[in-house]
J.: 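Sharing a structure with you now.
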Amino acid sequence: MRSFSKNKRRQKPDTALVALWLGIWIFLSVFVLYPLARLIYVVFFSDGGVSLAVLNKVFSSWYNRKAFINSLILASAVGISGTAFGFLFAFSVTRINLPKIVKWFISAIIVLPFVSPPFTSSIALTMVLGPNGLLLKLLHIPDFNIYGFLGTWIAETLTYFPVAFLTLTAVLQAIDPNLEDAAMSMGSTAWHTFCTVTLPLSIPGLANAFLLLFGSSLADFATPLVMAGHTFPVLPTQAYMQITGMYDIQGGAAISFVLLVPALIVYLLQHYWVEGRYYVTVSGKAGARSKPKGAGTIAEAVMLAVISFISLFIIFLYSIIFLGSLVKVWGVDNSFTLENYMYVFTVGWKAVKDTVMIALVSTGIGSVLGVAIGYLVNRKELPGRKALEFVSLLNYVLPGTVIGIAYAIAFSSGPIVLTGTMTIIVALCVSRYDATGIRATTATLKQIDPSLEEASLNLGASKLTTFRKVTVPLIAPAIATGTRYLFVVSMTAISATIFLVSVRWSLLTVRILECITELLFAQAAAFSVVLVLIVALAMWAIRLLFSMLYPNYFREQRGI
């Protein structure tokens, strides 16, 4: 917020603000910096001194070098395609004049991959496009190989582009349509207005979405584990196999740690691009908001055609998952049965209860923490603001295997021992998956003129009242986005949490992966269906809660 910092009056921060600032730094130091420091020590220190022997040993293998290059290619491809698809969907539900039922249907369909375990799309693609796949049989397509880069890219794009949708929806909702009216009143066409007004103002959201998807792809080992095969190795899978197959924690940590460099480079480039640009679109100087403008008839037709095809494909894939949960053995014994669901609610019931409990606690803590960090970074002149933002996003930028291994190393021995507890899983979920809430809050605050809050203070309202009655309603969509995302990923996470599960605390995603490795695909499908239903119900409840708390704002801004 450089454009605002010069005009802000420096005030002595109050005691509560300083206490909050210090509390956040303590949390980040314990659950972000400390595990990373322990990991670095394990990777780079041996025999009493600094050594590169582990890294040299790992990357002397051409296969690991190939996996490193493949990881960068895959993450970039997923980031670009996922951000593009997310923008198309977000623009359609926020800026195109569609019936409410259509917007609701699009929003409901797009979150299906988001509320599922990261490897659900992979299983569905295997069932329909793998060897003897259902779709290949229907279309009579022989010798089609879905495995490798193509299958992994499709599966990860379908899995992660809803993250871009949620992020960009909040950003597009905050763009004042009066700006588009002004451009069109000067003779600009709808398409030209889209290219020169709407799209440039969406840059913070686009950059944030790309960062989130790039990091998600780098962290994902479950999807490549199913889809990549030996022809397209990636480092997260290599690290996982190194630990679980060869029991070499040091080697696995070294493999995944290398991904820190490209992840940090992408973050710094994104931060440099967005920082210092003026993106305010919500101020106290505008009149009533007009209706959002589209992008022109032809452009909108193309957008709707693309999202219709993607939506139908998603419905098809998840119909296969549902059907698979109702048969005894997919492709072998397709007779109807409910035994798979009986298995979930008996043998797998502990995993269901544990996962819901962890997700609820993580969401409550993470939502408050995400708003606090986003607000302090953008609205308060406190030392170390940029460092706080960087550290708060660090666990998400790093690959999940790195974080999982770091936590396992750091909290399995003194001075802090949390292995096997709920605390370590909740701390990981909050510190790693709170990124969307922080980025959504940050991007939205960049579009809100601080003069709105200053006007409230000048009228005699306290800082707390101003924050509660002015700031929070304006960033309510961003808060809702962060809350929903945090609950969903706490329910569906596996890349980092798989290293922290124990007999005392189990997770649904780990049980699903166990079923897959044991070739119990019907039971895995039943677990997936139950998980999707739980998450869908929770997302509806969160949406209802925010609509009740801020009915006028959500009615005006969402229109869906």
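Heads up: numbering here begins at 1 and tracks the sequence.
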J.: Between Gly370 and Thr441, which heavy-atom pair has the shortest distance, and what is it?
T.: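 For Gly370 versus Thr441, the nearest heavy atoms are O-OG1, 4.5 Å.
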
J.: Measuring from atom CG of Leu428 to atom CD1 of Ile425, what distance do you get when rounded to the nearest 0.5 angstrom?
T.: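 Here the rounded value is 8.5 Å.
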
J.: Please work out whether the ring planes of Phe313 and Phe309 are parallel, tilted or perpendicular, with thresholds of 30° and 60°.
T.: parallel

J.: For Trp153, does the CH2 atom have more than 12 heavy-atom neighbours from other residues, nucleotides or ligands under 6.0 Å away?
T.: no

J.: Who passes side-chain contact (heavy atoms from CB on, under 4.5 Å) against Val102, sequence neighbours left out?
T.: Leu98, Pro99, Ile106

J.: Check side-chain hydrogen bond (donor to acceptor under 3.5 Å, both in side chains) between Gln238 and all other residues, then give those that pass, not counting sequence neighbours.
T.: Asn64

J.: Identify the two heavy atoms, one from Phe210 and one from Ser76, that lie closest to each other, and give their separation to 0.1 Å.
T.: CE1-O, 4.0 Å

J.: Go through it in stages, so that I can follow the logic: the residues are Ile314 and Leu158, the test is side chain to side chain contact (heavy atoms under 4.5 Å, CB included), and I'd like the CA-CA distance, side-chain angles, deciding distance and then a yes or no.
T.: CA-CA 8 Å; Ile314 292 174; Leu158 290 176; 4.2 Å; yes

J.: Taking only residues two or more places apart in sequence, or in another chain, which ones meet Ser506 in a side-chain hydrogen bond (donor to acceptor under 3.5 Å, both in side chains)?
T.: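 Here no residue qualifies.
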
J.: I'd like to check the ring pair (Phe, Tyr, Trp, His ring centres under 6.0 Å) partners of Phe232; sequence neighbours left out, ordered by chain and number.
T.: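 Phe232 satisfies ring pair (Phe, Tyr, Trp, His ring centres under 6.0 Å) with Phe149 only.
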
J.: Enumerate the residue pairs fulfilling side-chain hydrogen bond (donor to acceptor under 3.5 Å, both in side chains) with a member in residues 223-233, sequence neighbours excluded, ordered by first and then second residue.
T.: Asp220-Thr223

J.: Not counting sequence neighbours, which residues clear ring pair (Phe, Tyr, Trp, His ring centres under 6.0 Å) with Tyr433? List them please.
T.: none

J.: What verdict does the side chain to side chain contact (heavy atoms under 4.5 Å, CB included) test give for Tyr341 and Val529, after you've listed the backbone C-alpha separation in whole Å, the side-chain angles of each residue and the deciding distance to 0.1 Å?
T.: CA-CA 9 Å; Tyr341 288 96; Val529 171; 3.4 Å; yes

J.: Around atom CZ of Phe316, are there more than 12 heavy atoms from other residues, nucleotides or ligands closer than 6.0 Å?
T.: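 It does: Phe316 CZ has more than 12 such atoms within range.
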
J.: With a 4.5 Å cut-off on side-chain heavy atoms, are Phe221 and Ile498 touching?
T.: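 In short, these two side chains touch, coming nearer than 4.5 Å.
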
J.: Considering residues at least two apart in sequence or located in another chain, which fulfil the side-chain contact (heavy atoms from CB on, under 4.5 Å) criterion with Ser392?
T.: Leu28, Ile373, Ile438

J.: Using the test side-chain contact (heavy atoms from CB on, under 4.5 Å), find all partners of Thr355 that sit at least two apart in sequence or belong to another chain.
T.: Met491, Leu507, Leu508

J.: Could you tell me which non-hydrogen atom of Ala524 sits nearest to which non-hydrogen atom of Cys515, and how far apart they are?
T.: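 Minimum heavy-atom contact is CB-CB, 3.8 Å.
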
J.: Restricting to side-chain hydrogen bond (donor to acceptor under 3.5 Å, both in side chains), what partner residues turn up for Ser217, sequence neighbours left out?
T.: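 side-chain hydrogen bond (donor to acceptor under 3.5 Å, both in side chains) list for Ser217, sorted by chain: Glu156.
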
J.: Please report the closest heavy-atom contact between Gly82 and Ala164, naming both atoms and the distance.
T.: O-CB, 3.7 Å

J.: Working to the nearest 0.5 Å, report the span between OG1 of Thr83 and OH of Tyr160.
T.: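 Between Thr83 OG1 and Tyr160 OH, I get 14.0 Å after rounding to 0.5 Å.
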
J.: Please check if the side chain of Ser71 supplies one atom and the backbone of Leu235 the other of a donor-acceptor pair under 3.5 Å.
T.: yes

J.: If we ignore hydrogens and angles and just use 3.5 Å, is the side chain of Thr509 paired with the main-chain N or O of Ala493 as donor and acceptor?
T.: yes

J.: Under the salt bridge (Lys or Arg N to Asp or Glu O under 4.0 Å) rule, collect the residues that match up with Glu514, sequence neighbours excluded.
T.: Arg511

J.: Is there a side chain to side chain contact (heavy atoms under 4.5 Å, CB included) between Ile365 and Val361? Walk through the geometry before answering.
T.: CA-CA 6 Å; Ile365 297 174; Val361 175; 3.9 Å; yes

J.: So how far is it from Leu218 CG to Leu72 CG, rounded to the nearest 0.5 Å?
T.: 7.0 Å

J.: Of all heavy-atom pairs between Leu304 and Ser92, which one has the smallest distance, and what is that distance?
T.: CD2-OG, 4.2 Å

J.: Taking the side chain as everything from C-beta on, heavy atoms only, tell me whether Thr337 gets closer than 4.5 Å to Leu326.
T.: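 Side chain of Thr337 against side chain of Leu326, heavy atoms only: no contact under 4.5 Å found.
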
J.: Does Lys66 have any salt bridge (Lys or Arg N to Asp or Glu O under 4.0 Å) partners at least two apart in sequence or in another chain, and if so, which?
T.: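 With neighbours one apart ignored, the set is empty.
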
J.: Between atom CG of Leu500 and atom OG1 of Thr419, what is the distance when rounded to the nearest 0.5 Å?
T.: 8.0 Å

J.: Between Tyr407 and Phe31 (side chain of the first, backbone of the second, donor and acceptor by atom type, cut-off under 3.5 Å), is there such a pair?
T.: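 Present.
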
J.: For the pair Ser81 and Phe161, evaluate side chain to side chain contact (heavy atoms under 4.5 Å, CB included) and give the outcome as yes or no after the intermediate values.
T.: CA-CA 8 Å; Ser81 59; Phe161 88 91; over 6 Å; no

J.: OG of Ser325 to CD1 of Ile320: how many Å apart, nearest 0.5 Å?
T.: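 With rounding to 0.5 Å, OG (Ser325) is 11.0 Å from CD1 (Ile320).
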
J.: Quick check against the 3.5 Å criterion: does Arg432 have a side-chain atom that pairs as donor or acceptor with the backbone of Asn395?
T.: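 The answer is yes, because a donor-acceptor pair under 3.5 Å joins these two groups.
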
J.: My understanding is that only residues two or more places apart in sequence, or in another chain, count here; which of them pass ring pair (Phe, Tyr, Trp, His ring centres under 6.0 Å) with Phe487?
T.: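 Testing Phe487 for ring pair (Phe, Tyr, Trp, His ring centres under 6.0 Å), a comparison that skips the adjacent residues, returns none.
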
J.: If the plane angle is over 60° it's perpendicular, under 30° parallel, otherwise tilted; pick one for Phe527 and Tyr343.
T.: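 Perpendicular, since the angle between the ring planes exceeds 60°.
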
J.: Which heavy-atom pair separates Asn70 from Pro233 by the least distance, and what is that distance?
T.: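 In terms of heavy atoms, the two residues are closest at ND2-O, 3.0 Å.
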
J.: Give, for atom CZ of Phe546 and atom CD1 of Ile479, the distance between the pair rounded to the nearest 0.5 Å.
T.: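 Rounded to the nearest 0.5 Å, the CZ-CD1 separation comes to 5.5 Å.
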
J.: Please tell me whether Thr169 and Thr94 have a donor and an acceptor in their side chains that are separated by less than 3.5 angstrom.
T.: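 No - no donor-acceptor pair under 3.5 Å links their side chains.
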
J.: Any side-chain heavy-atom pair from Trp104 and Val93 closer than 4.5 angstrom?
T.: no

